[in-house]
Novice: 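Encoded as structure tokens, here's the structure I'll be asking about.
Letters A, B, ... are given to chains in the order of the sequence lines, protein chains preceding strands, and every chain is numbered from 1.
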Protein chains: 2
Amino acid sequence: MKIGELARATDTKVETIRYYEGAGLLAPPPRTGGNYRSYGSDELSRLSFIRRARDLGFSLDEVRELLTLADDRDQPCGAVDAVASSHLATIERKIADLAQMRDELARVIGSCRLGKVGDCKIIQTLEPMRGAARG
Amino acid sequence: MKIGELARATDTKVETIRYYEGAGLLAPPPRTGGNYRSYGSDELSRLSFIRRARDLGFSLDEVRELLTLADDRDQPCGAVDAVASSHLATIERKIADLAQMRDELARVIGSCRLGKVGDCKIIQTLEPMRGAARG
DNA sequence: CTTGACCCTATAGTTGCTAGAGGGTGCATA
DNA sequence: TATGCACCCTCTAGCAACTATAGGGTCAAG
């Protein structure tokens, strides 16, 4: 399998696959006579794994860790659970942060579409001291 | 006011202030005899504005746009509202994406803390074809 | 007159790719 | 045989938004 086929099969760009190789997530595959990378079904599985983990928001470092853990199939999977749980906590923190932004923005949007910038609630939210400091 | 004081007053790192200057968000301030940047209360207001906007998740491009709009205080503020609304939509999309990740992760976490990696639901979620392809 | 806190510029590193330059390979077709 | 085309190769630079480092200069206090 050439890199382009692997790319199509996993919905990944060719450059991204080479990048993953450089980043140590994929081992350098054997080459053809013309120096083309040649992949088998193991690499297809591994890249699919990586893509799914990335889709779930795991960082490349976390993916590396999960790949290492996944290869030790007889180990207890508490370590896997720990990586995933910590990632879940990160996601929940991000959601909370974004929800707060959303609420703040929603509160001021739409309240001054027809007014002037000088009275705009959005601008006032951003520069709360300007009125006080300038009179 | 020297850059360090401005940094403390706005909870911003010194390097970030210099970066904002290079990025065109803050004008180059006057210098002292010793070539130190010298800021006044206008810059404090402007940097506070930038920080608040950044806290709300606006990109530097959006901040630049908001700053330009905010300076035209007699203009109607429909354009401000448009920037904020589009940003709100982006935030809501991010929240939805993260919520989906959270749900998928939460579904598999905690179900196999005592099992082996070979049976781990988290790993299975990531490599759904391995079982089929390998027996 | 030296210590220490602060400031300066310029450059490289971070994450996770993506895009480009400048070239080689391999197959079909004229 | 030549030529075109899709595909592959390496290397390097670019993106956001900083952060950190190197290697210096300034200034007030002791």
Novice: Between the side chain of B:Glu43 and the main-chain N/O of B:Gly40, is any donor-acceptor distance below 3.5 Å?
Specialist: yes
Novice: Collect all protein-nucleotide pairs involving nucleotides 7-14 of chain D in which both atoms are nitrogen or oxygen and the distance is under 3.5 Å.
Specialist:
residue: D:dC8; atom: OP1; partner: A:Gly4; partner atom: N; Å: 2.6
residue: D:dC9; atom: OP1; partner: A:Arg37; partner atom: N; Å: 2.9
residue: D:dC9; atom: OP1; partner: A:Arg37; partner atom: NH1; Å: 2.8
residue: D:dC9; atom: OP2; partner: A:Arg18; partner atom: NH1; Å: 2.4
residue: D:dC9; atom: OP2; partner: A:Arg37; partner atom: NH1; Å: 3.4
residue: D:dC9; atom: O3'; partner: A:Arg31; partner atom: NH1; Å: 3.3
residue: D:dT10; atom: OP1; partner: A:Arg31; partner atom: NH1; Å: 3.4
residue: D:dT10; atom: OP1; partner: A:Arg31; partner atom: NH2; Å: 2.9
residue: D:dT10; atom: OP2; partner: A:Arg37; partner atom: NH1; Å: 3.0
residue: D:dT10; atom: OP2; partner: A:Arg37; partner atom: NH2; Å: 2.9

Novice: Regarding B:Arg64 and B:Asp61, does a basic nitrogen lie under 4.0 Å from an acidic carboxylate oxygen?
Specialist: yes
Novice: Would you call A:Phe49 and A:Leu67 a side-chain contact if the rule is heavy atoms closer than 4.5 Å?
Specialist: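 Counting from C-beta outward, A:Phe49 and A:Leu67 do come under 4.5 Å.
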Novice: What bend angle does the helix from C:dC1-D:dG30 to C:dA30-D:dT1 show across its length, from five-pair end axes and to the nearest 10 degrees?
Specialist: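 Helix axis angle between the two ends: 40°.
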Novice: Any non-hydrogen side-chain atom of A:Leu56 less than 4.5 Å from a side-chain atom of B:Leu126?
Specialist: yes
Novice: Flag yes if more than 12 heavy atoms outside B:Glu15 fall under 6.0 Å of its CD atom; otherwise flag no.
Specialist: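 Counting neighbours around CD of B:Glu15, more than 12 heavy atoms of other residues, nucleotides or ligands fall under 6.0 Å, so yes.
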Novice: Quick one: which protein N/O atoms are closer than 3.5 Å to N/O atoms of nucleotides 16-20 of chain D? Pair and distance per line, please.
Specialist:
residue: D:dA17; atom: OP2; partner: B:Leu60; partner atom: N; Å: 3.3
residue: D:dA17; atom: O3'; partner: B:Arg54; partner atom: NH2; Å: 3.4
residue: D:dC18; atom: OP2; partner: B:Tyr20; partner atom: OH; Å: 3.0
residue: D:dC18; atom: OP2; partner: B:Arg54; partner atom: NE; Å: 2.8
residue: D:dC18; atom: OP2; partner: B:Arg54; partner atom: NH2; Å: 3.4
residue: D:dT19; atom: OP2; partner: B:Thr16; partner atom: OG1; Å: 3.0

Novice: Name all residues meeting the salt bridge (Lys or Arg N to Asp or Glu O under 4.0 Å) criterion together with B:Arg46; count only those two or more places apart in sequence or in a different chain, and write none if there are none.
Specialist: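 Scan of B:Arg46 (salt bridge (Lys or Arg N to Asp or Glu O under 4.0 Å), adjacent residues dropped) gives B:Asp71.
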Novice: Could you see if B:Ile17 belongs to whatever hydrophobic cluster contains B:Tyr36? Use Ile, Leu, Val, Met, Phe, Trp, Tyr and a side-chain cutoff under 4.5 Å.
Specialist: no
Novice: With heavy-atom distances below 4.5 Å as the criterion, would you say the side chains of A:Lys94 and A:Asp97 are in contact?
Specialist: no
Novice: According to side-chain contact (heavy atoms from CB on, under 4.5 Å), who are the partners of A:Ser111, at least two apart in sequence or on a separate chain?
Specialist: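 Per chain and number, A:Ser111 pairs via side-chain contact (heavy atoms from CB on, under 4.5 Å) with A:Lys121.
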Novice: Name all pairs fulfilling the side-chain hydrogen bond (donor to acceptor under 3.5 Å, both in side chains) condition that reach into residues 5-14 of chain B, sequence neighbours left out, sorted by first residue then second.
Specialist: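 Those involving residues 5-14 of chain B are B:Thr10-B:Thr12, B:Thr12-B:Arg51.
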